[in-house]
*Asks:* 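If you scroll down you'll find the structure; I have some questions about it.
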Amino acid sequence: MISANLLIIDDNKSDLNLMKDILKNEVRNIVSISLTSRIYEILAKKSIDIVLLDMNFNSRVNTGNEGLFWIREILKKDSSISIIPVTANGNIEQAVEAIREGAIDFIQKPFNRAKLVSVVNLAWNLRMAKIEASELKKDNQRLKIQINKGGEKLIQGASPTMINVMNIVRKVASTDANVLITGENGTGKELVAKEIHRLSKRSEELMVSVDLGSLTETLFESELFGHVKGAFTDAAEDRKGRFEQASGSTLFLDEIGNLSLRSQSKLLSVLQSRQIIRVGSNKPVPVNIRLICATNRNLGEMVIEGSFREDLFYRVNTIMIEVPPLRDRVDDIPILANHFLKINGERYGKPGLKLNTHALEKLSNHSWPGNVRELQHSIEKAVILSDSNILKPSDFVFTSKANSISGDMTLDEMEKQFITYTMRKYHSNLSLAANKLGITRQTLYNKLRKYDIS
């Protein structure tokens with residue numbers, strides 16, 4: 001006997017009593033009702049595990065629509081409930097539609113006793129599996145939150161510029177003000193966003209991150225605002241967008257400077273109304289998010305050029321935080337190097353690794369065009385290849401693009417050579433090349449004309 005709470009719903013008293021009789025020695029607790037109007041009452045009072053649901057409650061109507069309605073309503077209350085629709089013989093189409101709505105299997109009238117018992121047992125096993133998966137997900141989330149709240153600060157550094165950044169982070173974290181984080185690629189803009197979230201009132205929820213640079217125009221709305229089933233060819237079910245997922249928490253939009261004007265307009269509308277409409281729906285859904293954006297572009301310059309909306313620019317940058325490049329925070333290089341050394345030493349089973357004085361000096365003298373990300377990768381590579389507990393200068397080999405540029409060239413000649421190199425590398429793709437160069441498409445286009453680069 002399974003220790004489940006079973007709810008049987010059927011307006012035919014004979015069928016209702018027959019199901020109860022078949023299952024009385026199989027299920028510990030059985031509740032039976034003949035009126036659908038009592039479903040809300042039962043669900044509010046009792047934790048139901050399995051529902052046997054007749055699909056038609058009107059002898060003159062045999063569409064199954066009422067049953068489909070109640071499947072949706074029951075699953076709204078608890079998506080882990082196992083629902084078994086009961087259909088008249090021959091109504092296979094109704095059963096298939098019910099399964100599409102979330103039912104796990106179906107039973108046909110007249111009843112096959114063995115089939116009914118078997119399906120109810122299957123329903124119980126599925127209910128237990130869903131509950132276990134849900135609890136595991138909650139445990140993982142609680143663990144992540146504990147690690148996030150109790151761990152060390154995410155941003156490493158003690159240089160004056162980083163102290164200034166951290167002072168701003170601490171001041172804005174307790175508010176819900178929109179924050180725009182700027183800086184070159186690899187400077188740690190996402191870490192700054194995570195630190196703001198970690199110190200905020202919303203830290204008990206997980207921060208939701210979106211890389212806008214990887215989204216195509218067609219995916220933008222579905223990814224951010226969600227969609228309803230059937231909204232487009234591959235929309236097999238309703239799906240929450242990132243705004244809904246982040247409601248009550250922080251939404252981090254990375255590379256916001258990559259958005260087209262059309263997407264910017266849609267984003268602005270949501271930020272102004274604080275509600276989204278899923279693709280394929282006309283029902284507004286309110287959202288409560290704290291917005292943090294990041295970009296490696298100069299949005300102010302893009303506003304002047306007309307490639308970024310001025311109203312959106314002022315909407316996202318209530319507070320602007322500029323993360324300095326690593327070359328401007330040399331004092332932080334030893335701190336970061338030892339931090340990454342500890343992490344990678346533990347990861348690769350080489351605890352206790354040290355950097356000698358000359359290695360630290362070499363790291364401090366490097367220009368780090370790839371910023372903190374490049375330093376992190378350099379340390380990881382050195383840890384993997386090291387044969388000694390002490391890392392030396394020879395464990396770090398740097399290649400610099402500047403080495404291939406002649407010292408006799410003018411600044412314009414150097415810029416032309418580098419733009420030509422980048423355009424060839426990215427096969428004349430203006431968006432990719434501009435992103436790599438850290439400038440807007442319009443600026444790149446102007447420079448191509450200036451230097452007559454085809």
Side-chain angles (χ1 to χ4, degrees), residues 154-162 165 182-192 213 254-255 294 296-297 322-426 432-439:
L154 300 173
I155 306 174
Q156 302 292 323
S159 63
T161 52
M162 286 310 295
V165 167
T182 63
E184 297 176 7
N185 285 333
T187 51
K189 297 186 290 295
E190 185 170 3
L191 288 180
V192 173
D254 198 9
E255 302 298 350
N296 63 352
R297 297 186 173 189
E322 183 174 0
V323 185
L326 191 54
R327 62 182 174 274
D328 290 346
R329 44 186 289 214
V330 177
D331 293 346
D332 291 337
I333 292 175
I335 297 172
L336 289 164
N338 282 299
H339 174 67
F340 294 139
L341 188 65
K342 179 183 177 183
I343 291 174
N344 287 293
E346 292 173 354
R347 177 183 298 169
Y348 295 108
K350 297 180 179 181
L353 285 175
K354 303 290 182 184
L355 287 157
N356 72 16
T357 304
H358 297 298
L360 279 173
E361 184 178 346
K362 182 174 183 177
L363 294 177
S364 297
N365 290 332
H366 184 55
S367 61
W368 298 110
N371 291 298
V372 178
R373 189 180 298 145
E374 182 187 356
L375 174 60
Q376 181 179 359
H377 290 169
S378 296
I379 296 292
E380 182 176 11
K381 179 181 177 182
V383 168
I384 292 172
L385 299 178
S386 67
D387 294 319
S388 169
N389 288 332
I390 305 294
L391 298 185
K392 305 176 293 297
S394 58
D395 291 309
F396 300 94
V397 179
F398 306 121
T399 57
S400 174
K401 291 178 182 176
N403 293 336
S404 63
I405 299 176
S406 168
D408 296 329
M409 298 172 70
T410 67
L411 185 60
D412 279 355
E413 288 171 336
M414 292 168 63
E415 184 175 57
K416 178 179 179 180
Q417 180 173 325
F418 193 57
I419 290 174
T420 302
Y421 163 80
T422 306
M423 288 294 289
R424 286 176 181 169
K425 181 177 180 180
Y426 292 100
L432 290 176
N435 185 45
K436 185 64 178 176
L437 291 166
I439 58 178

*Asks:* Over 60° means perpendicular and under 30° means parallel, so tell me whether F398 and H366 are parallel, tilted or perpendicular.
*Replies:* parallel
*Asks:* Hey, could you give me the CE/CG distance between M423 and L437, rounded to the nearest 0.5 Å?
*Replies:* 9.0 Å
*Asks:* Among residues at least two apart in sequence or on other chains, which ones pass side-chain contact (heavy atoms from CB on, under 4.5 Å) with A359?
*Replies:* L355, N356, P393, F396
*Asks:* Heavy atoms only: give me the nearest L363-A337 pair and the separation to one decimal.
*Replies:* CD1-CB, 3.9 Å
*Asks:* Check whether any side-chain heavy atom of F340 sits under 4.5 Å from a side-chain heavy atom of S378, and report yes or no.
*Replies:* no
*Asks:* Can you give me the closest heavy-atom contact between K350 and S386, atom names plus distance?
*Replies:* NZ-O, 3.1 Å
*Asks:* Report yes if the side chains of R329 and V372 come closer than 4.5 Å at any heavy-atom pair, otherwise no.
*Replies:* yes
*Asks:* Should we say atom NZ of K381 is surrounded by more than 12 heavy atoms from elsewhere, each under 6.0 Å from it?
*Replies:* no
*Asks:* To the nearest 0.5 Å, what is the distance between CG (L341) and CD (E346)?
*Replies:* 10.0 Å
*Asks:* To the closest 0.5 Å, what do you measure between CG (L336) and CD (Q376)?
*Replies:* 9.5 Å
*Asks:* Mind checking what makes side-chain hydrogen bond (donor to acceptor under 3.5 Å, both in side chains) contact with S159, not counting sequence neighbours?
*Replies:* T161, D332
*Asks:* With sequence neighbours left out, write down each residue that passes side-chain contact (heavy atoms from CB on, under 4.5 Å) with N296, or none if nothing qualifies.
*Replies:* N185, K189, E255, N435
*Asks:* What's the shortest heavy-atom distance between D395 and I390, and which atoms?
*Replies:* OD2-O, 4.1 Å
*Asks:* Determine the minimum heavy-atom distance between D254 and A294, stating which atoms define it.
*Replies:* OD1-CB, 3.5 Å
*Asks:* I want to check something: taking the side chain as every heavy atom from C-beta on, are E374 and L326 in contact at a cut-off of under 4.5 Å?
*Replies:* no
*Asks:* Can you name the residues that form a salt bridge (charged side-chain N to carboxylate O under 4.0 Å, His left out) with R347, not counting sequence neighbours?
*Replies:* E380
*Asks:* Output all residues satisfying side-chain contact (heavy atoms from CB on, under 4.5 Å) with E184, sequence neighbours left out; order by chain, then residue number.
*Replies:* T187, P325, R327, N371
*Asks:* With sequence neighbours excluded, what pairs up with E361 under the side-chain contact (heavy atoms from CB on, under 4.5 Å) test?
*Replies:* H358, N365
*Asks:* How long is the span from the CG atom in L391 to the NZ atom in K354, to the nearest 0.5 Å?
*Replies:* 11.0 Å
